[in-house]
Amino acid sequence: MTDASALPGQPRGGALSGRATPRAVNVLAPNASAMTLDGTNTWILAEPGSGLAVVVDPGPLDEGHLRNVVDTAERAGQRVALTLLTHGHPDHAEGAARFAELTGTKVRALDPALRLGDEGLAAGDVVTVGGLELRVVPTPGHTADSLSFHLPADRAVLTGDTVLGRGTTVVAHPDGRLGDYLDSLRRLRSLAVDDGVRTVLPGHGPVLEDAQGAVEYYLAHRAHRLAQVETAVEDGYRTPSEVVAHVYADVDRSLWPAAELSVRAQMEYLQEHGLI
């Protein structure tokens, strides 16, 4: 058995659903798959003692899950007052409109197409509900509209799909761009180093207890993969599918279509920088 403390980011063991920090509770969506790991983490955030809560990423359009989120908040004596989205992928956002109906909330997101209400989200915004404070951190790269939410009182950051609780994420080319993603990882590293963030509350997988360690691992992993792709192209593997078959030979073939998106993003990045 592998010691979790030796893994990147020190993933927390035990059940994924339930309380993660004094202000964050996870309700795991029943949509486990190779891409979504154990399922989508839907986060309920509230200041201790407050009767108001914020929900981040209601998840898929699954009536049972959405009602479970509402019920979980109500059992804690909280009313959901606002819904936020880290990005627009269906496993995070498809249920948002129905969730807004159930709760009577607005939905705030970076992408105007995902919003319900007049107010969106932008870099530097501070969201306050019932004494809870969330700071909006732009983290594009996985997708163009990806955001993270800094929860300073818990020294935590909600990362959506930018950093996962297990494994690594996909740069979803062409919407996602590797240069943006690397900049986002550096931004998250700064939150850990300069702002004292210790805990990652990811969009999938377990909570990570070592935010800086997780981000450093992601940066090293990306640098390693980029070097592998560059070498593969130099060795004559010209198409993204050829590169995937060569570089990702040790990865489950069911994940190759997702890997190809990242390879396309990496090849684009190398071309832009004159490296291939």
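Heads up: numbering here begins at 1 and tracks the sequence.
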Item to complete: Mind running side chain to side chain contact (heavy atoms under 4.5 Å, CB included) on Val233 and Met267 for me, showing each step along the way?
Response: CA-CA 9 Å; Val233 173; Met267 292 177 73; 4.2 Å; yes
Discussion item. Quick check for you: to the nearest 0.5 Å, what is the distance between Leu45 atom CG and Leu52 atom CG?
Written reply: 13.0 Å
Item to complete: Give a yes or no on this: more than 12 heavy atoms of other residues, nucleotides or ligands lie within 6.0 Å of atom CG of Asp118.
Response: no
Worksheet entry | Straight-line distance of Leu270 CG to Ile276 CD1, nearest 0.5 Å | 4.5 Å
Fill in: Non-hydrogen side-chain atoms of Arg187 and Ser190 separated by less than 4.5 Å
no
Worksheet item: Is Arg238 salt-bridged to Glu242, cutoff N-O under 4.0 Å?
Response: no
Discussion item. Taking the side chain as everything from C-beta on, heavy atoms only, tell me whether Thr139 gets closer than 4.5 Å to Thr159.
Written reply: no
Worksheet entry | Derivation and outcome, side chain to side chain contact (heavy atoms under 4.5 Å, CB included), residues Tyr218 and Leu164 | CA-CA 10 Å; Tyr218 266 58; Leu164 305 179; 3.5 Å; yes
Item to complete: Examine distances only and state if a side-chain atom of Arg12 and a backbone atom of Leu208 form a donor-acceptor pair shorter than 3.5 Å.
Response: no
Worksheet item: Any idea how His87 and His142 line up, ring-wise: parallel (<30°), tilted (30 to 60°), or perpendicular (>60°)?
Response: perpendicular
Worksheet, complete the sentence: CZ (Arg264) and OG1 (Thr239) are apart, to the nearest 0.5 Å, by 8.0 Å
Worksheet item: In Å and rounded to the nearest 0.5 Å, what is the CG to OG distance from Leu147 to Ser184?
Response: 9.5 Å
Practice prompt. Please assess Leu134 against Leu84 for the test side chain to side chain contact (heavy atoms under 4.5 Å, CB included), listing each intermediate value before the final yes or no.
Written response: CA-CA 11 Å; Leu134 284 172; Leu84 304 177; 3.7 Å; yes
Worksheet item: Hey, is the main chain of Thr40 close enough, under 3.5 Å, to the side chain of Asp57 for a donor-acceptor pair?
Response: no
Worksheet item: What pair of heavy atoms forms the shortest contact from Ala211 to Thr199, and how long is it?
Response: CB-N, 4.2 Å
Worksheet item: Which pair of non-hydrogen atoms, one from Leu185 and one from Val215, has the smallest distance, and what is that distance?
Response: O-CG1, 3.1 Å
Worksheet item: Is there a side-chain contact between Val136 and Phe149 (heavy atoms, below 4.5 Å)?
Response: yes
Worksheet entry | Polar side-chain atom of Tyr181 near backbone of Thr162 as donor-acceptor pair, under 3.5 Å | yes
Discussion item. According to side-chain hydrogen bond (donor to acceptor under 3.5 Å, both in side chains), who are the partners of Glu101, at least two apart in sequence or on a separate chain?
Written reply: Arg98
Worksheet item: Within the distance-only criterion (no hydrogens, no angle test), does the side chain of Asn41 pair as donor or acceptor with the backbone N or O of Gly205 below 3.5 angstrom?
Response: yes
Item to complete: Of all the heavy-atom pairs spanning Ser50 and Gln78, show the shortest one and how long it is.
Response: O-CG, 3.6 Å
Worksheet item: Should Leu37 and Leu158 be regarded as members of a common hydrophobic cluster, given that ILVMFWY residues are connected when their side-chain heavy atoms come within less than 4.5 Å of each other, either directly or indirectly?
Response: no
Fill in: Val207 with Val54, same ILVMFWY side-chain cluster at under 4.5 Å
yes
Scan the side chains in residues 167-174 for donor-acceptor partners under 3.5 Å anywhere in the protein, sequence neighbours excluded, and list what turns up.
residue, atom, partner, partner atom, Å
Thr169, OG1, Asp161, O, 2.7

Worksheet item: Do Val127 and Leu116 sit in the same hydrophobic cluster, where Ile, Leu, Val, Met, Phe, Trp and Tyr count as joined when their side-chain heavy atoms come under 4.5 Å apart?
Response: no
Discussion item. Hydrogens and angles aside, do His246 and Asp235 bring a side-chain donor and acceptor to less than 3.5 Å of each other?
Written reply: no
Worksheet item: Does some side-chain heavy atom of Pro206 sit less than 4.5 Å from a side-chain heavy atom of Leu16?
Response: yes
Worksheet entry | Side-chain donor/acceptor of Trp256 to backbone N/O of Tyr248, under 3.5 Å | yes
Practice prompt. Determine, for Glu119 against Arg115, whether the closest basic-nitrogen to carboxylate-oxygen distance falls under 4.0 angstrom.
Written response: no
Item to complete: Walk me through it: do His89 and Thr143 pass the test side chain to side chain donor-acceptor pair (under 3.5 Å)?
Response: CA-CA 9 Å; His89 278 168; Thr143 61; 5.5 Å; no
Practice prompt. Could you walk me through whether His204 and Asp91 pass side chain to side chain donor-acceptor pair (under 3.5 Å), step by step?
Written response: CA-CA 10 Å; His204 303 277; Asp91 57 312; 3.0 Å; yes
Worksheet item: Once you round to the nearest 0.5 Å, how far does CG of Leu151 lie from CH2 of Trp43?
Response: 10.5 Å
Discussion item. If you define the side chain from C-beta out and look only at heavy atoms, does anything of Asn68 sit under 4.5 Å from Thr42?
Written reply: no
Practice prompt. Walk me through it: do Asn31 and Asp62 pass the test side chain to side chain contact (heavy atoms under 4.5 Å, CB included)?
Written response: CA-CA 9 Å; Asn31 62 332; Asp62 181 295; over 6 Å; no
Worksheet entry | Over all atoms of both residues, closest heavy-atom pair of Ala100 and Val107 | CB-CG2, 3.9 Å
Worksheet item: Quick one: does Val197's side chain get under 4.5 Å of Arg155's, heavy atoms only?
Response: no
Discussion item. Quick one, Leu255 and Met35 - any side-chain contact, counting heavy atoms below 4.5 Å?
Written reply: yes
Discussion item. Using 30° and 60° as the class boundaries, would you call the ring planes of Tyr217 and His221 parallel, tilted or perpendicular?
Written reply: parallel
Worksheet item: Does the distance from a Lys or Arg side-chain N to an Asp or Glu carboxylate O, for Glu47 and Arg23, drop under 4.0 Å?
Response: yes
Item to complete: Would you mind telling me which of Val69, Leu85, Leu102 makes a side chain to side chain contact (heavy atoms under 4.5 Å, CB included) with Pro58?
Response: Leu85
Item to complete: For Val80 and Phe99, work out which heavy atoms get closest and say how close.
Response: CG1-CE2, 3.9 Å
Fill in: Single-linkage hydrophobic cluster Val129~Ile44, side-chain heavy atoms < 4.5 angstrom
no
Worksheet item: Any link between Val247 and Tyr269 through a network of hydrophobic side chains (Ile, Leu, Val, Met, Phe, Trp, Tyr) touching at under 4.5 Å?
Response: yes
Practice prompt. Flag the pair Pro152 / Arg135 as yes when at least one side-chain heavy-atom distance between them is below 4.5 Å, and no otherwise.
Written response: yes
Discussion item. Which heavy atom of Pro138 sits nearest to which heavy atom of Ala123, and what is that distance?
Written reply: CG-CB, 3.6 Å
Worksheet entry | Approximate separation, where rounding is to 0.5 Å, of Leu178 CG and Arg222 CZ | 6.5 Å
